[in-house]
Amino acid sequence: MNRIVFWFVRKSLQTKALSRSDMGWKLSGLMMALLAAGCSKGSSPREQPMKLNDLHRPTYVTSDLADDERFHVGRRIVVDFVDGTTKAQFDEYEKDWGIDLELADQEEGVDSAITVSQQDVEDVDGLLAQIRGRADVEVAEPLMRFQSSFVPDDPQYEKQWNLKMIDMPKAWEETKGKGVVVAVLDTGIAYEDYEDFRRVPDLKGVRFTEGFDFVNNDKHPNDDHGHGTHVAGTIAQATNNGEGVAGIAFEATLMPVKVLDHFGSGNSAAISDAVRWAADHGAKVINMSLGGGGRSAVFENAVAYARKKGVVVVCAAGNTGLGHVEFPAAYPASVAVAAVGPSGSKAPYSSFGKELDIAAPGGDKTQGDEAGILQNTIDPQDVSKSVYAAYQGTSMAAPHVAAVAALLVANGAKNPDQVEAALFKSAKMAAGQHGWTEQYGHGILSAMGALTALGQMGPDWTPALDATPVAVNVGANGEAQAGTVGAMGISQVDWKPLAWAGGFLVFVLLTLGRKERPGYFNIIFHPGFAIPLVLTTVGAFALRWVVSPTEVGQLAVLPIPDWLQRIIFGRGTLANPMVYSAALPIVLSVVAISLKGLRPIAAGLSIGFAAILAYSAWAHAPALAWLPFTFMAVPWLVLNAIICLFVARALLRKEAR
């Protein structure tokens, strides 16, 4: 076809004189010929051969690839002799090498002559170097562990950033929590089809043991709220079932124990009984994503009872956003859990304080709904319907720790001391964290790190007599790295209230007339004003360089409102609304009317109180004592912050005259 086109074009060009009509015919013929050639070329595989991919790639040798000791089977070795080497031959070598070698299997036997040491070797590298010197040894190396790679097929697993944060994909290779009973003391679980209740789809196939309803006094602890089912899902949602989302210890057994009603409320007496009941009925881990109220000796004794029976009790630290841990998390026998968001920073609502043990993913929906913790639960408006919902709170953080505790028990942890040591020793340091802090405790939960730490501790580990807090991180090689905590460190300071104070100061000064307004720098650098402002918002932060994290040391560096709360009302109590109010600034401003020297001090204190109250409201701190309804906490804080700003404005204006 191409030859025909070439001939046609040549003959056309050889014509010296063409009429307009002839030229049109020639051009038309030329176009038809070119079109035919194009069609012919496209249809002929011989005319356009397939382009093959270039097979070039960088070269490498496997001996240059990194060896990871985490995958060694103890300190055992493999020796691959020349094919056909008999047992009698390598038995002779054993005497010189001081080891016992046996064929790896009887099927291949001497045909492959691959042997394995039957015990750990003291000097692996030295012995391997000695063995490799023999001409009839092909390979000598450490014995390696291989296993299947587990990635759940749950369709919404990719949305569960929280499971990746705590290294679950690696942890699942070690254990999935089989056989460990985890009691969920909450609003119940949607675990059965009973009357109007329905089991949620993503709990189908999950193992349950008999529970109890301490609210309605029956054996059907079904969820009529949604909170408990969501918590249970984080612990043991059905996983790798092609449905919904994944859970952490999905081969564990859940014990549903209903202690909160459909409003999410319960009382210390019923919950205390429930703790004892769960401990007496086989629970190895208890999760309580609940808190509030004051210290209850009955409740504290129940938690201590459970721990003495070998139960790990995990509790949510609280959602006040303030510097105290709620009960029952504040009890010594509990593991108190704070919350972090996807970035690994403390969630703005998360309570913190000296009783805190560890932090875990709890969500931060100020970053969007996808930053919450996604699990399957019931529709609160219709208990027979199922939804996938993203919640946030320390209630969501606690079950992460409870589930990892179950993994540790399944992997050989014998008691709460061993579980807690593995959790705390392996916790990952948050950004800027160095050792234990009030914001993160020992650090952020790592499931794989905890399992690694447990393995390194050994089955006979017991708590050291020295109770000095220990901060341990998991390095890049997966090994636990310990260090004694010294001074608390400047990185632990929450600077946001101070930033709010700076903004409020500018705002107040701008509202004053030019003649009434003092100079900006005159105010900022006035010690009588600046020192009270700083002490109120961030406390005596400079002392953190030198003060050790003892109870007295931690108390000394608290901001003034938190300091007053701790001194007057004790640790772990709900924030008192008179402390977190404009009361102290008002009293001091009244005194400053006659004592002018107190005016800058009162003004700095007022700006500081306004900042810390406004910041607490912005962080959605919901719990204040004495208020009849939780929702009243934020309006209370905002109103008192505004009053503090008016007080500060009056004091600054008077000083300017």
Side-chain angles (χ1 to χ4, degrees), residues 177 179-186 209-212 214 235 249 252-257 259 266-291 293-317 325-337 354-358 398-399 401-425 441-442 450 453-454 457-470 571-572:
V180 181
V181 177
V182 182
V184 180
L185 274 61
D186 213 289
T209 189
E210 185 179 22
F212 196 80
F214 284 84
I235 297 171
T253 299
L254 291 175
M255 175 187 288
V257 182
V259 296
N267 64 72
S268 59
I271 300 173
S272 299
D273 269 347
V275 170
R276 290 174 175 271
W277 186 91
D280 290 339
H281 284 77
K284 292 299 180 184
V285 181
I286 291 176
N287 185 88
M288 287 191 281
S289 290
L290 50 87
R295 177 181 175 274
S296 163
V298 173
F299 201 171
E300 184 171 3
N301 290 339
V303 173
Y305 172 85
R307 184 182 174 87
K308 287 178 182 177
K309 295 204 70 170
V311 181
V312 181
V313 182
V314 181
C315 304
V325 174
E326 292 187 344
F327 294 109
Y331 296 140
S334 300
V335 177
V337 185
K354 66 183 297 292
E355 303 87 359
L356 193 66
D357 292 307
I358 197 168
V401 177
V404 174
L407 298 181
L408 291 168
V409 173
N411 235 34
K414 297 179 179 179
N415 53 57
D417 286 332
Q418 289 189 353
V419 171
E420 292 172 11
L423 291 171
F424 303 160
K425 285 177 176 291
H442 293 282
L454 179 66
M457 289 158 51
D460 299 322
W461 181 91
T462 55
L465 294 177
D466 182 6
T468 303
V470 175
R571 68 177 189 174

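All heavy atoms count here, side chains included; hydrogens, waters and symmetry mates do not. We count residues from 1, following the sequence as given.
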Nearest 0.5 Å, what's the CG-SG distance between N287 and C315? 7.5 Å
Heavy-atom pair of closest approach, residues A453 and A422: CB-O, 3.9 Å
Of all the heavy-atom pairs spanning V419 and V409, show the shortest one and how long it is. CG2-CG2, 4.0 Å
Salt bridge (Lys or Arg N to Asp or Glu O under 4.0 Å) contacts in which one or both residues fall within residues 327-337, not counting sequence neighbours: none
How far apart are the closest heavy atoms of L290 and P328, and which atoms are they? O-CD, 3.5 Å
Salt bridge (Lys or Arg N to Asp or Glu O under 4.0 Å) partners of residues 273-288, not counting sequence neighbours, each pair once: D280-K309
Work out which heavy atom in A421 is nearest to a heavy atom in M457; give both atom names and the distance. CB-CE, 3.8 Å
Over all atoms of both residues, closest heavy-atom pair of F214 and A270: CD2-O, 4.1 Å
Name the residue from V313, V311, V312, V335 that meets the side chain to side chain contact (heavy atoms under 4.5 Å, CB included) definition with P416. V312
Below 30° counts as parallel, above 60° as perpendicular, anything between as tilted: where do the rings of W277 and H281 land? parallel
Those residues that, when tested against A249, pass side-chain contact (heavy atoms from CB on, under 4.5 Å) (two or more places apart): A252, A403, A406, L407
Partner residues of D417 under the salt bridge (Lys or Arg N to Asp or Glu O under 4.0 Å) criterion, sequence neighbours left out: R307
Residue pair V180 / T253, side-chain heavy-atom distance below 4.5 Å: no
Could you tell me whether a side-chain N or O of S272 sits under 3.5 Å from a main-chain N or O of A302, the two making a donor and an acceptor? no
D357 side chain vs A336 backbone, donor-acceptor pair below 3.5 Å: yes
So, for E300 and P332, which heavy atoms are closest and what is the spacing to 0.1 Å? OE2-CD, 3.5 Å
Roughly how far apart are L408 CG and K414 NZ, rounded to 0.5 Å? 14.5 Å
Does L185 reach the side chain of V275, with side-chain heavy atoms less than 4.5 Å apart? yes
So, using side-chain contact (heavy atoms from CB on, under 4.5 Å) as the criterion, who are the partners of S296 when residues are at least two apart? S268, V298, F299, Y331
Of all residues at least two apart in sequence or in a different chain, which pass the salt bridge (Lys or Arg N to Asp or Glu O under 4.0 Å) check with K308? none
